[in-house]
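What follows is a single structure, written as structure tokens, with notes after it.
Heavy-atom basis, side chains included; hydrogens, waters and symmetry copies ignored. Lettering of chains follows the sequences in order, A, B, ..., and the numbering in each one begins at 1.
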Amino acid sequence: MPVEKLLEGLNDRQLEGVVTTDGPVLILAGAGSGKTRVLTYRTAYLIEKLGVEPYNIMAITFTNKAASEMKDRIANLTGTEGVWVSTFHSACVRILRRFADKIGYDNHFTIYDSDDSKTLMKHIIKDMNLDTKKFKEKTFLNEISSAKNELINEVDYADRFASDYTKKITSRVYLEYESRLRASNAFDFDDLIMKTVELFKTSPEVLNNYQERLHYVMVDEYQDTNTAQFELIRLLSCGRKNLCVVGDDDQSIYKFRGANIYNILNFEKHFPNAKVIKLEQNYRSTQVILDAANDVISNNKGRKKKTLWTEDQGGEKISFRQFDSAYEEAQFIAFDIKSKSVGGAFSYRDDAILYRTNAQSRMLEEKLMQENIPYKIIGGLNFYSRLEVKDILAYLKVIDNGADEIAVRRIINVPKRGIGATTLGKISAFASETGMPFYEALEKSDTIPSIGKASNKIKEFTKLINLFKMESESMSVPELIRLVLELTGYEAELKAEKTDEAQARIENLDELYSKAVSYRDMTEEPTLAGFLEDVALVADIDNREEESEYVVLMTLHSAKGLEFPNVYMAGMEDGLFPGYMTITAGDDGEDMEEERRLCYVGITRAKKHLTMTAAKMRMVRGDMQYSSVSRFVKEIPERLVDGTTYDPSISSSSSSSSASRNSYSDDNVFGGRSVNTNYGSGFTESTMRKSHIATATKAPVYGTKIQRGNLDYNQGDRVSHRKFGEGTVVDIADGKRDYEVTVEFDTAGKKKMLASFAKLEKI
DNA sequence: GGTTTGAAACTTTTT
DNA sequence: GTTTCAAACC
């Protein structure tokens, strides 16, 4: 499409954002104002109109999802895939893979996720003989993480707090932590950014290389950048000074993770002559929802004033309901979703339930399951944090980077090989005395006198690992996973267990295998290190399939950037949201403003309808907590809300048989009055029952089975694959969770792939 | 060296 | 209510 045609669909402000290409630009984009559109069109404009090479453009996002979405949209607009679209973390990994040796690391480094960091810290605390009662690994890790986000390395930290007693211990821990990371040839999450900045500062020629290449740099979600990320962006864009950042200070919700809201508030100070463009027209929500959002956020002081508006005047009022217990709250939400689905107002994919803390999901999950509503919980325990998945990944890490001590220690006795803590302690001591890497010490274990006969067991382990290492040279990642599962006996052990839990673990391992297959088939140059990298850098939110017919449950944080026709915000109570800590920290400080921004994010996710719910009583950590309605609800003008004046609950007539355990007592003041207003007229027991059957889908647990769509090709058909080109289908086997399709490709040879990943198209 | 058991902590949000 | 961790026991 010619660029001129493209630009016609934009409003004036958006257009300005697209064509203002030179110099520093800040686009203050309110929720739903089409910022992604501006960024992608801007890129298209640069390429098509100004003749900029795609190679000279970079766009940085926070999540993989945002990155791949932007990549796709740019590819659709311009037909090129040459623009560097990446998350902060992946971009840094890519840079470090090339140049880590310049700052004293091996380019073949490992990435530690927060679990790995935690394990490492635990060891450190133990080895340094610190009182485990007094010092918790989390405290140290938080402190170190904030330091890294502020670009304070271990040496700076030690200098800076030389005279501070309590920080002195932290400083010693920090030094030890860094030296162990280095010994394991590993970077933790924060290192990826900090070390890249360090690399740029110590190796000007490397920085220069990037500065000359990157004529245009764009950053999405700028309000969530921390100091290290700010510096990274600054350095990268320093060459041509064409930096465009897009963000919304009202949606800055990651302060706890080091995000510095002043990056966006002071943009014009950091980059003199910056052009500021405000996008305030909203294309997502109704005016009612926007008014509510505007009113809530206007209580914040430290912000750049914006007022969202839309041409979509009016809209349904926001529903608010307070219940006696969280149990009834969850019940109401499940019923309401069901009735709206039966009534045809919304389908399940339109619904999202948002909450402040992950712990709230349990009750909601229970109710949805009871009502046979398909759902998916996003966040909480990451797929890759599961025990069995981590175990197998640890094997892969050891194969990839033998220096990774944490990974070696994790698997050396999994499955049981009779190598216990005592032996490991001896090895560890030996390794630190001689200064050799942990794995090397293992291989030389027979020279350690005190080890004795245990060294035979260790020999067997290293022999196994070395075999894997050898095989890995020629094997693809999924093949390697299979080999590990078989030769270690890991899978056999689980199979022998014959419990539900073991079965679930086996399924998770199948899922891991599928992911490896998908990685192999979808990546240009699949490598083991690349797979591990992908795995380390994905968030749960990246896995949402938008077409699938289920309700999603997630925290308000995870919901940023998403939109849903029908949104529920559960647990709108003082003490929960805003959180107890925030309230006691003193009224309306910066913390409270951040909570309010979180509320603003939640409200602006809704396109058509928003429902807020609260419970008077809620079980928190075993005991009952009583709370009043959230102050944020009260900040919404009454005229926009339906239901503030009374206190409804599930009437006994509308509750299904599953409500028998309901602890609800009928003695509340407003009992029975106006109760059914929001259920819709069709909400009777018979429609309920019918809907049970109609929607009797197995509620998906984490890692939903891949939907087995009907394949539109058969054995013998000609198909095409994104990467392998054209070929003939040789075989279609009915695998456990998906069809396994074998295709003889004309150029790439015979490949076996999972149908849902391969995205084969019939020709 | 491995398994069982009871106590204690945990809950804010996560790339 | 759940998970994690260390001590005591096999």
Taking the six-membered ring for Trp and the single ring otherwise, decide whether the centroids of A:F187 and A:Y105 are under 6.0 Å apart. yes
Rounded to whole angstrom units, what separation is found between the NZ atom of A:K148 and the C1' atom of B:dT15? 15 Å
note: A:M619, atom CE; B:dC10, atom P; distance rounded to Å ~ 20 Å
Measure distances between side-chain N and O atoms of A:H557 and base N and O atoms of B:dT14, and say whether any donor-acceptor pair falls under 3.5 Å. no
What does A:D190 touch in the nucleic acid at a heavy-atom separation under 4.0 angstrom: a base, only the sugar-phosphate, or nothing? nothing
For A:K560, answer base if it contacts any base atom (sugar-phosphate contacts may also be present), sugar-phosphate if it contacts only those atoms, and nothing otherwise; contact means non-hydrogen atoms under 4.0 Å. nothing
At what distance, to the nearest 0.5 angstrom, does CG of A:L236 lie from CD of A:E231? 10.5 Å
Is there aromatic stacking of A:F256 against B:dT13, centre distance under 5.5 Å, plane angle under 30°? yes
Proximal nucleotide (of B:dC10, B:dG1, B:dT3) relative to the A:T423 side chain: B:dG1
Can you tell me how far C1' in B:dT12 sits from the matching atom in C:dC5, rounded to whole Å? 24 Å
From A:N185 CG over to A:D404 CG, what is the distance, rounded to the nearest 0.5 angstrom? 9.0 Å
Please work out if A:K136 contacts a base, only the sugar-phosphate, or nothing of the nucleic acid, heavy-atom cut-off 4.0 Å. sugar-phosphate
Round to a whole Å and report the spacing from CG of A:N358 to C1' of C:dT2. 14 Å
Are A:F632 and A:F577, when compared by the centres of their aromatic rings, separated by less than 6.0 Å? yes
Taking the side chain of A:R257 as heavy atoms from C-beta outward, which of B:dT14, C:dC5, B:dG1 is closest to it? B:dT14
Using the C1' atom on both, measure C:dA6 against B:dT11 and round to a whole Å. 23 Å
Which nucleotide, B:dT11, B:dT12, C:dT2, lies nearest any side-chain atom of A:R356? B:dT12
Taking for A:T422 and for A:E594 the nucleotide of DNA chain B with the nearest heavy atom, the one nearer the 5' end belongs to A:T422
Looking only at B:dT14, C:dT2, B:dT3, the nucleotide nearest the A:S558 side chain is B:dT14
Short question: side chain of A:H89, backbone of A:L537 - any donor-acceptor pair under 3.5 Å? no
Considering only B:dT12, B:dT3, B:dT11, which nucleotide approaches the side chain of A:K416 most closely? B:dT3
What is the separation between atom NZ on A:K65 and atom C1' on B:dT14, rounded to the nearest whole Å? 17 Å
Are OP1 or OP2 of B:dG2 and a side-chain N or O of A:N413 less than 4.0 angstrom apart? yes
Of A:E595 and A:H89, whose nearest nucleotide on DNA chain B comes first from the 5' end? A:E595
NA contact type, A:S114, heavy-atom cut-off 4.0 Å: base, sugar-phosphate, or nothing? nothing
Quick one: A:D188 CG to B:dT15 C1', roughly how many Å, whole number? 12 Å
Give the rounded distance in Å between these two atoms: NZ of A:K138 and P of C:dC5. 12 Å
note: A:N456, atom CG; B:dG1, atom P; distance rounded to Å ~ 14 Å
Go through B:dC10, B:dT13, C:dC5 for me and flag the one nearest to the A:T555 side chain. B:dT13
Aromatic plane relationship, A:F88 with A:F62 - under 30° parallel, 30 to 60° tilted, over 60° perpendicular: tilted
Could you work out which one of B:dT15, B:dC10, B:dT12 sits closest to the side chain of A:F189? B:dT15
To the nearest Å, how far apart are A:E221 CD and B:dT14 C1'? 14 Å
For A:G579, report the nucleic acid contact type (base, sugar-phosphate, nothing); a contact means any heavy atom under 4.0 Å. nothing
Quick one: sort the A:H557 and A:Y254 rings into parallel, tilted or perpendicular, breaks at 30° and 60°. tilted
